[in-house]
Number of protein chains: 2
Amino acid sequence: MTEPVQRRARATRANLVAAAESIVAREGFGALRVEQVVKAAGVAKGTFFAHFADKDVLMEQLVAKRISRLLDALQTARRPSSAKGLAATLGPIVELLTCERYVFDLVQRASLADGPVAEALSRLDLILTGWFGGLFGAPPFRTDLPPKVMAEGIRAFTLMAMARHVANPGKGTNPGRALAVHVEAFLMPPE
Amino acid sequence: MTEPVQRRARATRANLVAAAESIVAREGFGALRVEQVVKAAGVAKGTFFAHFADKDVLMEQLVAKRISRLLDALQTARRPSSAKGLAATLGPIVELLTCERYVFDLVQRASLADGPVAEALSRLDLILTGWFGGLFGAPPFRTDLPPKVMAEGIRAFTLMAMARHVANPGKGTNPGRALAVHVEAFLMPPE
DNA sequence: GAAACGAATTGACCATGGTCATGTTTTGCG
DNA sequence: CGCAAAACATGACCATGGTCAATTCGTTTC
């Protein structure tokens with residue numbers, strides 16, 4: 001639960017994480033079962049819950065790691081120069097978070113609390129805020145709003161677009177396009 | 001699951017709903033257990049799942065009914081004349097949806113799919129769209145955006161404000177104020 | 001009203017996340 | 001070292017949502 005101090009415990013924890021990662025890679029996040037993890041790691045079930053308050057804590061950690069990897073790429077990307085470009089830039093992250101309903105629900109629950117997912121996403125906010133420039137804004141986007149508020153707006157729109165997408169499987173919803181509409185509407189200066 | 005055709009089955013279903021409503025009134029949504037409901041209704045567990053695909057389907061129905069009652073009041077209310085007023089107007093609904101984390105998660109999952117909750121919320125969208133006026137907009141709000149897009153924006157901001165609130169219990173977050181900030185920023189013309 | 005057939009109901013059973021009293025290993029200390 | 005305390009691990013057990021083959025009930029047909 002808290003960081004283990006003995007070498008044995010650190011190894012156990014690492015085994016659990018490795019086992020979980022391997023299962024996720026093979027069968028997806030939603031298919032992971034605690035029993036499966038502990039069996040693969042060669043420990044008892046109780047041990048799992050001695051290391052993670054609940055299943056979600058482990059899953060958050062795994063998802064956050066994936067998000068972080070995508071953000072590493074984003075960070076070196078060029079600042080997009082249009083609403084559409086901005087929406088497209090978020091594409092890989094949207095894809096990760098909507099790859100499974102289970103993942104999206106997890107992220108949604110975790111995105112505004114404390115924890116690794118929230119941390120990862122606040123890193124995204126930082127990148128966006130940077131793109132929107134300093135106190136005086138950065139065209140072509142609106143220049144009258146604090147970048148922080150704009151970043152929060154993007155977050156809200158992204159979450160909604162993704163929510164619509166995962167709530168209507170097979171209905172051909174396009175989160176990227178929906179997102180672009182809202183970003184366009186709210187982050188570009190009205191004419 | 002589908003509407004029952006025999007009188008007996010209709011009565012069973014009504015009993016289940018009544019039992020559930022009574023439990024919710026007494027102990028809240030999150031505390032409701034299927035076992036408890038079937039015991040109170042005097043039927044077997046399997047009967048519950050013959051009438052409702054899963055627990056959530058029943059809960060959605062109950063929550064939607066509550067939302068609808070609040071909307072009846074909203075519908076007769078005067079159109080708010082400021083962003084702050086608009087946020088305040090949504091207060092009762094926000095309060096209902098954030099009264100329990102369980103409720104919020106349920107609503108969030110259901111809000112963009114098919115079902116009674118989505119239906120109730122689309123009624124809210126209709127009211128909002130009405131307030132934002134016809135094709136040419138209605139001051140003091142922005143007049144350059146389709147009312148539908150504005151209503152969707154409000155929905156996104158409301159969901160995010162509520163999510164932050166339920167994700168940080170006891171932290172004194174104020175969904176109404178957070179909402180007002182975003183509504184102000186995005187729905188009022190920039191100056 | 002008896003046969004036949006689908007609707008409705010039953011309850012034992014299952015899957016799975018989570019708990020906890022107990023046992024084992026490691027560490028720090030005299 | 002010897003030993004007590006803390007950290008760690010165990011697995012039987014529990015809570016709860018959900019399944020399904022078997023059974024009972026209601027309705028239709030002749």
Side-chain angles (χ1 to χ4, degrees), chain A residues 1-21 23-24 26-63 100-103 105-106 109-110 115, chain B residues 1-21 23-24 26-63 100-103 105-106 109-110 115:
Chain A
M1 209 128 135
T2 56
E3 277 309 296
V5 309
Q6 300 179 357
R7 198 191 292 113
R8 172 179 58 145
R10 270 199 304 276
T12 299
R13 192 193 181 95
N15 281 345
L16 284 167
V17 171
E21 274 174 339
I23 292 168
V24 166
R26 211 160 352 101
E27 309 180 27
F29 288 91
L32 181 142
R33 299 285 171 265
V34 174
E35 294 269 18
Q36 208 181 354
V37 175
V38 298
K39 201 170 142 199
V43 301
K45 204 181 200 174
T47 302
F48 181 98
F49 292 98
H51 283 274
F52 306 98
D54 55 37
K55 185 182 160 182
D56 279 0
V57 168
L58 168 62
M59 300 310 272
E60 276 181 42
Q61 190 178 313
L62 300 188
V63 171
E100 294 179 39
R101 163 132 224 184
Y102 174 85
V103 172
D105 286 348
L106 187 86
R109 253 175 296 134
Chain B
M1 209 126 140
T2 56
E3 277 308 295
V5 309
Q6 299 180 357
R7 201 192 290 114
R8 173 178 59 142
R10 272 198 304 274
T12 299
R13 192 193 180 96
N15 281 345
L16 285 167
V17 170
E21 274 175 338
I23 291 167
V24 166
R26 214 165 344 104
E27 309 180 28
F29 288 91
L32 182 142
R33 299 283 170 268
V34 174
E35 294 269 18
Q36 209 180 353
V37 175
V38 298
K39 201 172 140 197
V43 300
K45 203 181 200 175
T47 303
F48 182 98
F49 292 99
H51 283 275
F52 307 98
D54 55 36
K55 184 182 161 183
D56 279 1
V57 168
L58 168 61
M59 300 309 271
E60 275 180 42
Q61 192 178 311
L62 299 188
V63 171
E100 293 179 40
R101 163 132 226 184
Y102 174 84
V103 172
D105 287 347
L106 186 84
R109 252 175 297 136

Mind checking if Ala9(A) touches a base, just sugar-phosphate, or nothing, with heavy atoms under 4.0 Å?
sugar-phosphate
Nearest-Å distance for atom pair CZ/P, residues Phe52(A) and dT19(C)
15 Å
Round to a whole Å and report the spacing from CZ of Phe48(A) to P of dC8(D).
17 Å
Nucleotide nearest Ala44(A) when distance is taken to its side chain, options dC8(D), dG18(D), dG11(D)
dG11(D)
Side chains of Arg33(B) and Lys55(B) in contact at under 4.5 Å (non-hydrogen atoms):
yes
Do the side chain of Glu60(A) and the main chain of Gly115(A) share a donor and acceptor less than 3.5 angstrom apart?
no
According to a strict under-4.0 Å criterion, is His51(A) in side-chain N/O contact with OP1 or OP2 of dC8(D)?
no
Distance, rounded to the nearest Å, where Asp54(B) contributes CG and dA15(C) contributes C1':
16 Å
Nearest-Å distance, CZ (Arg13(A)) to P (dA7(D))?
15 Å
Pair of N/O donor and acceptor under 3.5 Å linking dG17(D) base with Lys45(B) side chain:
yes
Note: for Gly46(B) and Arg8(B) on DNA chain C, the residue whose nearest nucleotide lies more 5' is Arg8(B)
Is atom CZ of Arg26(B) surrounded by more than 12 heavy atoms (other residues, nucleotides or ligands) closer than 6.0 Å?
yes
Length of the CD-P vector between Gln36(A) and dT16(C), whole Å
9 Å
Nucleotide dA9(D), atom P - distance to CD of Gln6(A) in whole Å:
8 Å
Between Thr47(B) and dT10(C), is there a side-chain N or O to OP1/OP2 distance below 4.0 Å?
yes
Hey, does the side chain of Arg33(A) come within less than 4.0 Å of dT16(C)'s phosphate (OP1/OP2), counting only N and O?
yes
Under 4.0 Å: is that the gap between some side-chain N or O of Thr12(A) and OP1 or OP2 of dA9(D)?
yes
So among Val34(A), Asp54(A), Val43(A), which one has a side chain to side chain contact (heavy atoms under 4.5 Å, CB included) with Phe48(A)?
Val34(A)
To the nearest Å, give me how far apart CZ (Arg7(A)) and C1' (dA7(D)) are.
15 Å
Most 5' of Glu35(A) and Glu35(B) on DNA chain D, judged by nearest nucleotide:
Glu35(A)
For Asn15(A) and dC8(D), give me the distance from atom CG to atom P, rounded to whole Å.
15 Å
Thr47(A) versus Leu16(A), closest heavy-atom pair with distance
O-CD1, 4.5 Å
What nucleotide among dA7(C), dG17(D), dT10(C) has an atom nearest to a side-chain atom of Phe49(B)?
dG17(D)
